[in-house]
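Please read these numbers as outputs of a predicted model, since none were measured by experiment.
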Amino acid sequence: MKFNITANDSKSNARAGIIQTDHGTIETPIFMPVGTVGSVKGIHAQDLTDHIKAEIILGNTYHLYLRPGIDIIEQAGGIQKFNAWNKPTLTDSGGFQVFSLAHRRKITPDGVLFYSHIDGSKHLFTPERVMDIQRFIGADIMMAFDECTPYPCEHDYAEKSMELTHKWLDRCCTHFDNTEPKYGYNQTLFPIVQGSVYKDLRIKSAEKIASMNREGNAIGGVSVGEPIDLMYEMTEIVCGILPKDKPRYLMGVGTPANILDCIEMGVDMFDCVMPTRNGRNGTIFTRNGIMNMKNEKWKNDFSLIDKESDLFADQQYTKAYLRHLFTAHEQLGGMIGSIHNLHFYLWLVKEARKQIMNGTFTSWKSVILPKISQRI
RNA sequence: GGGGAGAUUCCAGAGUGGCUAAAUGGGGCAGACUGUAAAUCUGUUGGUAACACCUUCGGAGGUUCGAAUCCUCCUCUCCCCA
């Protein structure tokens, strides 16, 4: 993997860059649609490339390991062959499931014992095992195995957890460096900064992660329910420590406004379930604001879903029709909501990139931020 | 023609003397969703000058301190047998 910075914003820490992988290039800042079980819910691979213009998507180690299982993915020839997405992929390590499935796991110094949410079976995830699984899945970017701490979280616990994550990181790196990719293309490993909402821990963790000298770095343990101001404060501190010449990935963030704010702090990569989950549930993000398509007010609004968008769905369907689909619980409603939101998210980061390269990012942001944040 | 069952708030459907403006679903309305156990979850859903009052359980009367619940008549619906 290679990363080159194309442009630095003169008025902020925002930057535009290019990541090169064996599955193609990624222009940053970028938003990565989440495809947990090998599928961006409700979206064809072809729509991801042709309409949404996604450049990289996520998969999840824990979920893919449980189903279909790494043997099936290996037989398929890796995740990109299996799900027909032959562009870059990033797999999360299962660290988020340590948080989200906290009631179904036990943390030990060696790793995490998971009780499958599907059939209750026991599975031990050690840093080494997680590296092996991600080798089998075959994503271009693999994530270190970490503990994503909850919010709120006591300083004492956050510190111990961070130290455990750091120990696991050393093991991840060692094992990663001692193993080979399985499918003939390169994989890289991103370590993850933890430290909850504590400045001292975040600084310590960011220094540790920077010292590992990997090809890219991630900021985790955010967007778990903490106030947005705290998330921003932590992100800003960490971005100041992580090396400038490597991509910074802010995990699980966020709203369109969060993404612009964090691009300004120097974040290059984002992922979030929000565009797909909210889209599936009736919330639509547009450059003029956020709409709840289930609301009665759209009942007889026969204007296009988004007249400023060039997405086919936004130009084909009306708000009244989309509301009808949601109220009738038609699958097409969730599909249109998802494709629309992903298209918007990708438009947003690509536009941000243009503005950075044009030297107009901050002024553009100050105009668009209030518009995209309002509810209409 | 004979026999039987039933009519409850937008719908379906509980309730069979006071704890009932009335369970539970659905529908309606609104909200939530941030490295996806989520095409999910939550709230709300008679009216009003609203911690109270008014109207409501097919219609009209009646019994009772008190009725959706008991009695009488009426109207309508459904099922079975001829």
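Residues A:Thr149 and A:Glu330 both approach RNA chain B. Their nearest nucleotides, taken by heavy-atom distance, put A:Thr149 toward the 5′ side. Of the residues near RNA chain B, A:Met231 and A:Arg277, the one whose nearest nucleotide (by heavy atom distance) lies more toward the 5' end is A:Met231.
In this structure, A:Ile56 places its CD1 atom 13 Å from C1' of B:rG35, rounding to the nearest Å. One can place OH of A:Tyr249 at 15 Å from P of B:rU34, the figure rounded to the nearest angstrom. Following rounding to the nearest Å, A:Met335 (CE) and B:rU40 (P) show an atom-to-atom distance of 16 Å. Regarding A:Phe145, its CZ atom lies at a distance of 17 Å from the P atom of B:rG35, rounded to whole Å. At whole-Å resolution of the value, CG in A:Asp146 and C1' in B:rG35 are 8 Å apart. Rounded to a whole Å, the CZ atom of A:Phe96 is 11 Å from the P atom of B:rA38. If you measure from atom CD1 of A:Ile290 to atom P of B:rG31, you get 12 Å, rounded to the nearest angstrom. Regarding A:Met32, its CE atom lies at a distance of 17 Å from the P atom of B:rU34, rounded to whole Å.
Listed nucleotides B:rA37, B:rU34, B:rG35 differ in distance to A:Asn258; the shortest reach to its side chain belongs to B:rU34. Nearest nucleotide to the side chain of A:Arg280, out of B:rA30, B:rG35, B:rA38: B:rA38. Of all nucleotides listed (B:rG31, B:rU34, B:rG35), B:rU34 comes nearest to the side chain of A:Met274. When the nucleotides B:rA37, B:rA39, B:rU34 are ranked by their closest atom to the side chain of A:His63, B:rA37 comes out on top. Closest approach to the A:Lys294 side chain among B:rA38, B:rG35, B:rU40 is made by B:rU40 (side chain taken as heavy atoms from C-beta onward). For A:Ile228, the listed nucleotide lying nearest its side chain is B:rU34; candidates were B:rG28, B:rG31, B:rU34.
The phosphate of B:rU36 (OP1 or OP2) has a side-chain N or O of A:Thr36 nearer than 4.0 angstrom. Proximity of A:Asn60 to the phosphate of B:rG35: no side-chain N or O atom is located under 4.0 Å from OP1 or OP2. A sub-4.0 Å separation between OP1 or OP2 of B:rC29 and a side-chain N or O of A:Arg323 is present. For the pair A:Arg104 and B:rA37, the criterion of a side-chain N or O lying under 4.0 Å from OP1 or OP2 is not met. Taking 4.0 angstrom as the limit, A:Asn281 places none of its side-chain polar atoms (N or O) nearer than this to OP1 or OP2 of B:rA32. The phosphate of B:rG35 (OP1 or OP2) has no side-chain N or O of A:Gln97 nearer than 4.0 angstrom. Checking the phosphate oxygens (OP1, OP2) of B:rU34, no side-chain nitrogen or oxygen of A:Asn278 falls inside 4.0 Å. The side chain of A:His103 places no N or O atom within less than 4.0 Å of a non-bridging phosphate oxygen (OP1 or OP2) of B:rA37.
On the C1' atoms, B:rA32 is 44 Å away from B:rG66, given to the nearest whole Å. Rounded to whole Å, the separation between the P atoms of B:rC81 and B:rG15 comes to 28 Å. The same atom, C1', is picked in B:rC10 and in B:rG17; the two are 29 Å apart, to the nearest Å. Annotation: B:rU9 and B:rC57 have their P atoms spaced 9 Å apart (nearest Å). If you take atom P in B:rG18 and the same atom in B:rA68, they sit 11 Å apart, rounded to whole Å. Taking the P atom of each, B:rC71 and B:rU24 are spaced 29 Å apart, rounded to whole Å. Taking atom P on both B:rA21 and B:rC54, the two are 12 Å apart, rounded to the nearest angstrom. Atom P of B:rG6 sits at a distance of 14 Å from the matching atom of B:rU16, rounded to the whole Å.
Residue contacts shown for A:Asp271 are limited to sugar-phosphate atoms, with no base heavy atom under 4.0 Å away. Contacts of A:Ser338 with the nucleic acid, taken as non-hydrogen atoms under 4.0 Å apart, are absent. As judged by a 4.0 angstrom heavy-atom cut-off over every strand, A:Gly42 is placed among residues making no nucleic acid contact. Counting non-hydrogen atoms under 4.0 angstrom, A:Ile192 reaches a base of the nucleic acid. Residue-level contact check: A:Gly334 touches neither bases nor backbone, having no heavy atom under 4.0 Å from any strand. Across all strands, A:Glu296 comes closer than 4.0 Å only to sugar-phosphate atoms, never to a base (heavy-atom distances). Residue contacts shown for A:Gln194 include a base, since a base heavy atom lies under 4.0 Å away. Within the nucleic acid shown, A:Arg67 has no heavy atom closer than 4.0 Å to any nucleic acid atom.
At a cut-off of 3.5 angstrom, the base of B:rU36 holds no donor-acceptor pair with the side chain of A:Ser100.
Residues A:Glu163 and A:Lys204 are paired through a salt bridge, judged by an N-O separation under 4.0 Å between the basic side chain and the carboxylate. The existence of a salt bridge linking A:Arg171 and A:Glu128 is confirmed by a sub-4.0 Å separation between a basic side-chain nitrogen and an acidic carboxylate oxygen. Contact check on A:Asp156 versus A:Lys160 returns a salt bridge, with a Lys/Arg side-chain nitrogen under 4.0 Å from an Asp/Glu carboxylate oxygen. A salt bridge links A:Arg214 with A:Asp177: the closest approach of a Lys/Arg side-chain nitrogen to an acidic carboxylate oxygen falls below 4.0 angstrom. Ion pair A:Glu27/A:Arg353 flagged as a salt bridge, since at least one NZ, NE, NH1 or NH2 atom sits closer than 4.0 Å to an Asp/Glu carboxylate oxygen.
If you check B:rU40 for Watson-Crick or wobble pairing at under 3.5 angstrom, you find it paired to B:rA32. Taking a pair to require two hydrogen-bonding distances under 3.5 Å in either a Watson-Crick or a G-U wobble arrangement, B:rU55 remains unpaired. Pair assignment for B:rA23: none, as no Watson-Crick or G-U wobble contacts are both less than 3.5 Å. Across all strands shown, B:rA60 forms a Watson-Crick or G-U wobble pair with B:rU72, both key distances being under 3.5 Å. With a cut-off of 3.5 Å on both Watson-Crick or G-U wobble distances, the partner of B:rC65 is given as B:rG18. Under the Watson-Crick and G-U wobble criteria, each requiring two contacts below 3.5 Å, nucleotide B:rA50 is left unpaired. With a 3.5 Å ceiling on both atom-pair distances, the Watson-Crick or G-U wobble partner of B:rG1 is B:rC81.
Proximity of a side-chain donor or acceptor of A:Thr28 to a complementary backbone N or O of A:Gly17 within less than 3.5 Å is detected.
Annotation: A:Phe31 is not in aromatic contact with A:Phe270 [ring centroid separation under 6.0 Å not met].
Closest approach of A:Met265 to A:Arg248, counting heavy atoms only: O-NH1, 4.3 Å.
The salt bridge (charged side-chain N to carboxylate O under 4.0 Å, His left out) test with A:Glu264 is passed by exactly one of A:Lys11, A:Lys365, A:Arg15: A:Lys365.
Annotation: cation-pi pair A:Lys182/A:Phe136 present, NZ/CZ under 6.0 Å from the ring centroid and within 45° of its normal.
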